[in-house]
Visitor: 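The following block contains the structure, expressed as structure tokens.
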Amino acid sequence: MSSQPLLRVSNLTHMYGNRVGCRDVSFELWPGEVIGIVGESGSGKSTLLSCLSTRQQPTSGLVEYDTKDQGLVDVYSLSEPRRRMLMRTDWGIVHQNPRDGLRMGVSAGANVGEPLMAVGARHYGDIRQQAATWLDKVEIDPGRMDDQPKTFSGGMQQRLQIARNLVTHPRLVFMDEPTGGLDVSVQARLLDLLRRLVTDLGLSAIVVTHDLAVARLLAHRLMVMRQGQVVEHGLTDQVLDDPHHPYTQLLVSSVLQP
Amino acid sequence: MNTGYNFAYLDEQTKRMLRRAILKAVAIPGYQVPFGSREMPLPYGWGTGGIQVTAAVIGADDTLKVIDQGADDTTNAVSIRRFFARTTGVATTEKTVDATIIQTRHRIPETPLSDGQIMVYQVPIPEPLRWLEPRETETRKMHALADYGAMHVKLYEDIARYGHIATTYDYPVLVNDRYLMRPSPIPKFDNPKMDHSPALQLFGAGREKRIYAVPPYTSVKSLDFEDHPFEVQRWDQACALCGSTESFLDEVVTDDQGGRMYVCSDSDYCGERQKDQMQ
């Protein structure tokens with residue numbers, strides 16, 4: 001393991017006017033590690049994620065990322081072209097709704113190939129080959145490569161979105177409720193797939209979810225958020241099996257047991 | 001000549017504004033310069049951008065040619081030519097070699113252009129990235145950062161669907177290795193003529209209020225893939241009237257029995273060739 005974190009967040013705060021989005025969040029993410037962020041809706045999970053992934057400028061605080069050439073740098077101090085390049089080559093963002101992350105008007109193959117073309121791939125045969133490989137990896141029949149994503153089921157669209165994000169071999173993936181809106185059996189398959197991909201590729205990931213089962217399966221460490229603040233923070237099993245903060249205890253006890 | 005109007009219809013201040021926009025466009029090849037487009041006595045889509053650009057650059061000693069789909073005798077071409085003949089009194093011509101300004105819709109003449117000529121294009125939608133990004137703020141940012149990778153998605157889709165790049169007109173080009181440009185709806189057959197052309201090429205979009213330009217001898221590259229290089233259309237036939245095998249051909253339906261003939265779309269080029277063959 002390297003001696004430097006991949007992402008270091010210090011005192012990150014985002015305010016919506018007088019309202020708190022998230023407040024004083026600090027943590028470090030190490031290479032190969034998956035951090036889960038759980039909490040009820042409105043607790044600031046998604047705000048935090050968009051601040052981390054440079055989609056929303058934080059009010060104060062620092063987000064530093066370990067770039068390949070310069071080491072740890074504040075992502076908000078990077079120039080716009082560099083930040084775009086970083087988002088394309090080093091990062092992936094998996095949206096809750098696949099329609100936000102996919103180009104619905106073009107074929108599945110073009111969706112997976114687009115990030116490659118965006119970083120300069122200009123050989124049609126190679127792009128197509130890579131797209132086919134990735135569709136196969138996320139368990140989509142490569143025969144459906146030239147179909148439009150709108151003809152896909154919700155689970156397939158989500159897997160397509162994952163393929164599109166991973167095709168450029170990112171080091172860090174942000175996921176916002178990756179299994180939200182899918183039925184339980186599809187969720188299970190998707191989680192299985194995600195877990196395998198994350199281990200195989202040595203990815204680091206930050207997963208926002210309100211589903212503790214998802215967090216248990218994917219995340220090594222867990223942060224519990226409430227009213228914009230991190231109330232508890234630790235190894236996943238520790239937090240879920242021995243919750244200390246009253247809110248976490250409530251959260252864990254409110255999971256339905258079939 | 002109609003004396004009720006200022007020379008070339010527009011008032012002098014408007015022409016100055018247009019010229020400033022044109023100068024800026026020429027200085028930054030392929031960059032879309034916003035300008036205050038005026039109402040013209042012509043419906044949008046008929047060349048309001050083109051005639052404003054022509055009005056700004058035309059002088060009393062110019063010779064004007066106007067073509068529509070390559071032909072000098074179609075409604076749009078005739079009415080715009082007559083408009084300038086009436087409001088400026090300049091000489092008009094149908095011969096490409098005699099013209100100093102050529103306003104066009106859809107074609108570049110087959111006869112090679114020369115130094116000192118100005119091509120004026122009528123542009124319906126100037127933004128090449130519009131189909132993939134509806135937000136103007138975002139497309140401007142993409143231009144500023146030369147962030148054009150996604151443009152290849154369109155070509156990818158063509159190959160995936162048809163086995164070859166099926167876009168045949170308004171084919172995206174990269175100007176001076178910097179700005180992505182939409183060459184107005186000319187067929188891709190004409191794209192190679194834009195590359196290092198000795199003529200000054202001006203593009204006006206009236207409804208969208210944008211002017212852009214390709215100065216003489218500027219590189220204009222059509223986008224493509226390494227394994228699917230850019231190609232222009234070819235025809236199996238020769239022109240039925242002049243026998244040309246090099247020009248852009250139009251298919252003309254001649255009867256309701258399935259009769260077809262292929263003729264040059266450039267009426268001046270075809271006519272000149274026929275005249276040469278008669279002698």
Side-chain angles (χ1 to χ4, degrees), chain A residues 54-55 57 78-89 99-132 134-135 140-151 160-161 163-165 167-168, chain B residues 28 31 125 127-168 170-175 177-180 188 191 219-231:
Chain A
T54 71
R55 284 174 297 163
Q57 177 105 35
L78 291 174
S79 65
E80 175 100 28
R82 277 220 55 195
R83 206 152 73 198
R84 284 190 172 218
M85 203 58 193
L86 188 73
M87 287 183 84
R88 284 210 180 119
T89 54
R99 278 161 199 273
D100 297 339
L102 292 174
R103 210 178 272 292
M104 296 306 284
V106 300
S107 67
N111 265 294
V112 182
E114 185 188 337
L116 293 171
M117 293 183 240
V119 295
R122 291 290 177 268
H123 192 282
Y124 174 78
D126 291 352
I127 294 167
R128 203 165 163 78
Q129 170 117 42
Q130 285 211 50
W134 272 98
L135 288 179
I140 295 175
D141 175 13
R144 299 211 54 187
M145 191 167 173
D146 295 331
D147 293 349
Q148 300 222 342
K150 63 182 167 212
T151 66
L160 181 63
Q161 196 195 174
R164 175 183 160 99
N165 270 293
V167 67
T168 49
Chain B
I28 318 171
Y31 173 74
I125 300 169
E127 181 52 72
L129 301 163
R130 183 63 68 230
W131 78 278
L132 59 84
E133 178 50 67
R135 285 169 297 177
E136 175 71 15
T137 47
E138 184 61 22
T139 53
R140 281 199 201 187
K141 203 174 257 183
M142 288 165 88
H143 280 296
L145 303 175
D147 188 1
Y148 296 140
M151 199 61 201
H152 276 78
V153 173
K154 190 178 187 179
L155 305 181
Y156 171 97
E157 277 292 278
D158 268 3
I159 305 175
R161 221 176 275 180
Y162 308 107
H164 61 98
I165 299 176
T167 305
T168 51
D170 219 351
Y171 193 101
V173 292
L174 197 63
V175 180
D177 294 320
R178 176 60 183 83
Y179 280 99
L180 191 67
K188 67 176 171 183
N191 274 15
S219 93
V220 177
K221 266 187 258 161
S222 306
L223 299 186
D224 59 1
F225 284 107
E226 285 156 17
D227 48 346
H228 285 270
F230 173 78
E231 276 173 355

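First the proteins, then the strands, lettered A, B, ... as listed; each starts at 1.
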Visitor: Counting only heavy atoms not in B/E136, do more than 12 fall under 6.0 Å of its CD?
Guide: yes

Visitor: Answer yes when A/R88 and B/D147 have at least one side-chain N-carboxylate O distance shorter than 4.0 Å, and no when they do not.
Guide: yes

Visitor: Tell me if the CD atom of B/E231 is crowded by more than 12 foreign heavy atoms within 6.0 Å.
Guide: no

Visitor: Please state whether the side chain, the backbone, both or neither of A/M145 comes within less than 4.5 Å of a heavy atom of chain B.
Guide: side chain

Visitor: In terms of heavy-atom proximity below 4.5 Å to chain B, should A/L116 be classed as side chain, backbone, both, or neither?
Guide: neither

Visitor: Taking all non-hydrogen atoms of both residues into account, name the closest pair between B/D227 and A/G125 and its distance.
Guide: OD2-N, 2.7 Å

Visitor: Look at B/H228, B/K154, B/R161 and state which one has the largest set of heavy-atom pairs under 4.5 Å with chain A.
Guide: B/H228

Visitor: Counting heavy-atom pairs closer than 4.5 Å to chain B, which one of A/G113, A/S107, A/G120, A/G105 comes out on top?
Guide: A/S107

Visitor: Should the ring pair A/Y124 and B/Y156 be called parallel, tilted or perpendicular, given that the plane angle runs from 0 to 90° and is split at 30 and 60?
Guide: tilted

Visitor: Can you tell me how far the CD atom of B/E226 sits from the CZ atom of A/R122, to the nearest 0.5 Å?
Guide: 8.5 Å

Visitor: If you count heavy-atom pairs within less than 4.5 Å of chain B, which of A/V106, A/I127, A/N111 leads?
Guide: A/V106

Visitor: For B/L145, is it the side chain, the backbone, both or neither that has a heavy atom under 4.5 Å from a heavy atom of chain A?
Guide: side chain

Visitor: Quick check: does any side chain N or O of A/R103 sit under 3.5 Å from a backbone N or O of B/L132, one acting as donor and the other as acceptor?
Guide: yes

